[in-house]
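See structure below.
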Number of protein chains: 2
Amino acid sequence: MDVLEVLAEPARRRIVDALLTREASVGDLVSALGMSQPAVSKHLRVLREAGLVSARAHAQQRIYRLEPGPFRELDAWLTPFRSLWTRHLDALERHLLEGETP
Amino acid sequence: MDVLEVLAEPARRRIVDALLTREASVGDLVSALGMSQPAVSKHLRVLREAGLVSARAHAQQRIYRLEPGPFRELDAWLTPFRSLWTRHLDALERHLLEGETP
DNA sequence: CCGTAACATGCCTTGACGGGTATATAACCA
DNA sequence: TGGTTATATACCCGTCAAGGCATGTTACGG
């Protein structure tokens, strides 16, 4: 599954937002999201298989944390689109400069 | 519909990628994507309603172009996640500095 | 005014996905 | 070892969205 498809799910976005602060166990996320444990585990599986999170075992718990890779991918994909508003700024600048040099 | 949900669709990503180069009519996009015209029109509707593209009329054609707003939103959403790999760099720097000062 | 070109919409079907309940699996504890 | 905690899987159901076909709608061209 692609990064954007994975993050399209609101529940999964809440998970990554939660993991942004600190890593968390499945139980922590269940409490935080107010969803059933199986539902959370399924979302975590999707996130894991897409490489957005990784898990390590601590006792019976599985501690999940964010992984940078896919977010960097998304950042890279977004890059060419940034010219949409930087070019816009350029146009504004030109406009201002034209006004400044009569 | 949210920006991420809109862009989760591969077809819609192909559309915005195509529009990155230049604006295009519906017919242009139909040729470019090899999809049926109604399918393309429906995707364009979704993109339009989410503010990712705008359309202007030229004869019987509708010329579509990208709109910066939602992409900036996405960029903003992504911002806190950038610390995932910049922090990573910091850690690397610290590691290197520790090596440099024995 | 009529035919046609370029899009948009409606309807229908199908497939995928999310959520829940019940159950398997794994690791700790007494 | 037996029980308990923490998480993963299996199965089922409802929903929703994407695609195709057919059909409206709008703007030109003669």
Side-chain angles (χ1 to χ4, degrees), chain A residues 1-67 70 74 77, chain B residues 1-67 70 74 77:
Chain A
M1 224 180 183
D2 184 75
V3 193
L4 280 163
E5 300 177 38
V6 170
L7 291 174
E9 242 310 308
R12 287 195 284 263
R13 247 172 300 168
R14 294 206 289 153
I15 291 181
V16 295
D17 282 338
L19 291 179
L20 197 48
T21 310
R22 48 185 125 53
E23 49 184 28
S25 72
V26 180
D28 294 340
L29 293 170
V30 169
S31 310
L33 303 192
M35 269 195 337
S36 78
Q37 175 264 315
V40 173
S41 281
K42 284 184 212 169
H43 284 303
L44 285 171
R45 178 192 173 100
V46 174
L47 288 165
R48 208 184 332 125
E49 289 179 345
L52 290 160
V53 303
S54 63
R56 72 169 195 276
H58 174 62
Q60 312 101 313
Q61 304 185 344
R62 306 251 174 146
I63 310 295
Y64 281 83
R65 72 152 74 182
L66 291 179
E67 288 296 330
L74 179 52
W77 178 83
Chain B
M1 222 184 185
D2 185 74
V3 194
L4 279 164
E5 302 177 36
V6 171
L7 291 174
E9 245 305 312
R12 287 195 284 263
R13 246 172 300 166
R14 295 206 290 153
I15 290 181
V16 296
D17 282 338
L19 290 179
L20 197 49
T21 311
R22 47 184 127 51
E23 49 185 28
S25 72
V26 179
D28 294 341
L29 294 171
V30 169
S31 310
L33 303 192
M35 272 193 337
S36 78
Q37 175 263 315
V40 173
S41 279
K42 283 180 208 172
H43 284 304
L44 285 171
R45 179 192 174 102
V46 174
L47 288 165
R48 209 186 331 128
E49 288 179 344
L52 289 161
V53 303
S54 62
R56 73 170 194 276
H58 174 61
Q60 311 101 314
Q61 304 186 344
R62 304 250 174 148
I63 310 296
Y64 281 84
R65 71 152 74 184
L66 292 179
E67 289 295 331
L74 179 52
W77 178 83

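The structure displayed is predicted, hence computed values, not measured ones. Reminder, nothing fancy here: chain letters follow the sequence lines and each chain counts from 1.
The Pro38(B) side chain lies nearest to dT9(C) when the options are dG20(C), dT9(C), dG18(C).
Residues Ile15(A) and Leu52(A) have side chains not in contact (no heavy-atom distance under 4.5 Å, counting atoms from C-beta outward). Between Leu33(A) and His43(A) there is no side-chain heavy-atom pair separated by less than 4.5 Å.
Listed pair Arg45(A) / dA8(D) fails the phosphate criterion, with no side-chain N or O lying under 4.0 Å from OP1 or OP2. Between Ser41(B) and the phosphate of dC7(C), there is no side-chain N or O to OP1/OP2 separation shorter than 4.0 Å. For dA8(C), the OP1/OP2 oxygens have a side-chain nitrogen or oxygen of Tyr64(B) closer than 4.0 Å. In this model, the phosphate group of dC7(C) is approached by a side-chain N or O of Ser25(B) to a distance below 4.0 Å at OP1 or OP2. In terms of phosphate contacts, His43(A) brings a side-chain nitrogen or oxygen within less than 4.0 Å of OP1 or OP2 of dG19(C). Taking 4.0 angstrom as the limit, Arg62(B) places none of its side-chain polar atoms (N or O) nearer than this to OP1 or OP2 of dA27(D).
Look at CG on Leu33(B): it is 11 Å from P on dG20(D), rounded to the nearest Å. Here the P atom of nucleotide dC28(C) and the CD atom of Gln61(A) are 11 Å apart, to the nearest Å. With rounding to whole Å, Arg13(B) atom CZ is found 15 Å from dA18(D) atom C1'. Following rounding to the nearest Å, Gln37(B) (CD) and dT4(C) (C1') show an atom-to-atom distance of 15 Å. Here the P atom of nucleotide dA8(C) and the CD atom of Gln60(B) are 13 Å apart, to the nearest Å. In this entry the distance linking CD1 of Ile15(A) with C1' of dG18(C) reads 12 Å, nearest Å. Separating the NZ atom of Lys42(B) from the C1' atom of dT23(D) is a distance of 12 Å, rounded to the nearest angstrom. Spacing between atom CD of Glu9(A) and atom P of dA17(D) amounts to 12 Å, rounded to whole angstrom units.
Other residues, nucleotides and ligands contribute only 12 or fewer heavy atoms inside 6.0 Å of the CZ atom of Arg62(B).
Along DNA chain C, the nucleotide closest to Val46(A) and the one closest to Ala59(A) are compared, and the more 5′ of them pairs with Val46(A).
There is no side-chain donor-acceptor pair under 3.5 Å between Ser31(A) and Asp28(A).
The side-chain contact (heavy atoms from CB on, under 4.5 Å) with Met35(A) is formed by just one residue from the set Leu29(A), Val30(A), Val40(A); it is Val40(A).
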